[in-house]
Amino acid sequence: MKLDALLLQKDIALKHIVIFNQSFVNYPSLSNRFWNLLDDDDNGAVSFVEYVTLMYKIVRGSWEDRTKVAFEFFNTSKLEYISKEDVISAVTEISEFICNVARGLLTMKEFNSLKLAQIEELFKGTGGRK
């Protein structure tokens, strides 16, 4: 059997991704972001080759590889740029997950307040486009 013939289906795979007792199934928007990075050919399944390719890009890839992965993670609107709304959406989703994993250390409101202020600074003078 070829390694590329081994496929993970999204609904089955996400059930088994658990970080500090928090299942990715409980965070559909965030899990969709990660799944879309993995499912390179948009067939609803991830092959071993797709998985290894993404992991390589993140861990050992060039600056361009890593930048492209980050861009694809944030660019859910599929525009040629990352909008302020894309960043706010991603930060909000990540903050919800992190705050549930690290219960009691920081509330979601506190985390969002800190991060959203930085996003405002990042996008200052761009009209929210870049």
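- Of the inter-residue distances, the one linking R33 atom CZ with D86 atom CG reads 7.0 Å to the nearest 0.5 angstrom.
- If you take CG on N36 and OG1 on T76, they are separated by 9.5 Å, rounding to the nearest 0.5 Å.
- Looking at residues two or more places apart in sequence or on another chain, you find no side chain to side chain contact (heavy atoms under 4.5 Å, CB included) involving A70.
- Between G44 and W35, the closest heavy-atom pair is O-CZ2, 3.7 Å.
- Taking CG of D40 as the start and CD of E72 as the end, the distance is 7.5 Å to the nearest 0.5 Å.
- Considering all non-hydrogen atoms of both residues, A45 and E50 come closest at O-OE1, 3.3 Å.
- Of all the heavy atoms in D39 and N43, the pair that sits closest is OD1-OD1, 3.0 Å.
- With sequence neighbours left out, the side chain to side chain contact (heavy atoms under 4.5 Å, CB included) criterion links V52 to F48.
- A distance of 11.0 Å separates OG1 in T53 from CD1 in I58, rounded to the nearest 0.5 Å.
- Crowding of F73 atom CZ: a count of heavy atoms from other residues, nucleotides or ligands under 6.0 Å exceeding 12.
- Within the model, atoms CG of L37 and CG of N32 stand 11.0 Å from one another, a figure rounded to the nearest 0.5 Å.
- For the pair K68 and E64, the salt-bridge criterion is not met [side-chain N within less than 4.0 Å of a carboxylate O].
- Cluster membership check: V69 shares its hydrophobic cluster with L38, using side-chain heavy-atom separations under 4.5 Å among Ile, Leu, Val, Met, Phe, Trp and Tyr.
- Residue N75 holds its CG atom at 4.0 Å from CZ of F71, rounded to the nearest 0.5 Å.
- Using a 4.5 Å heavy-atom cutoff, the side chains of V46 and L7 are not in contact.
- Checking E93 against S89 by side-chain atom types alone, a donor-acceptor pair falls below 3.5 Å.
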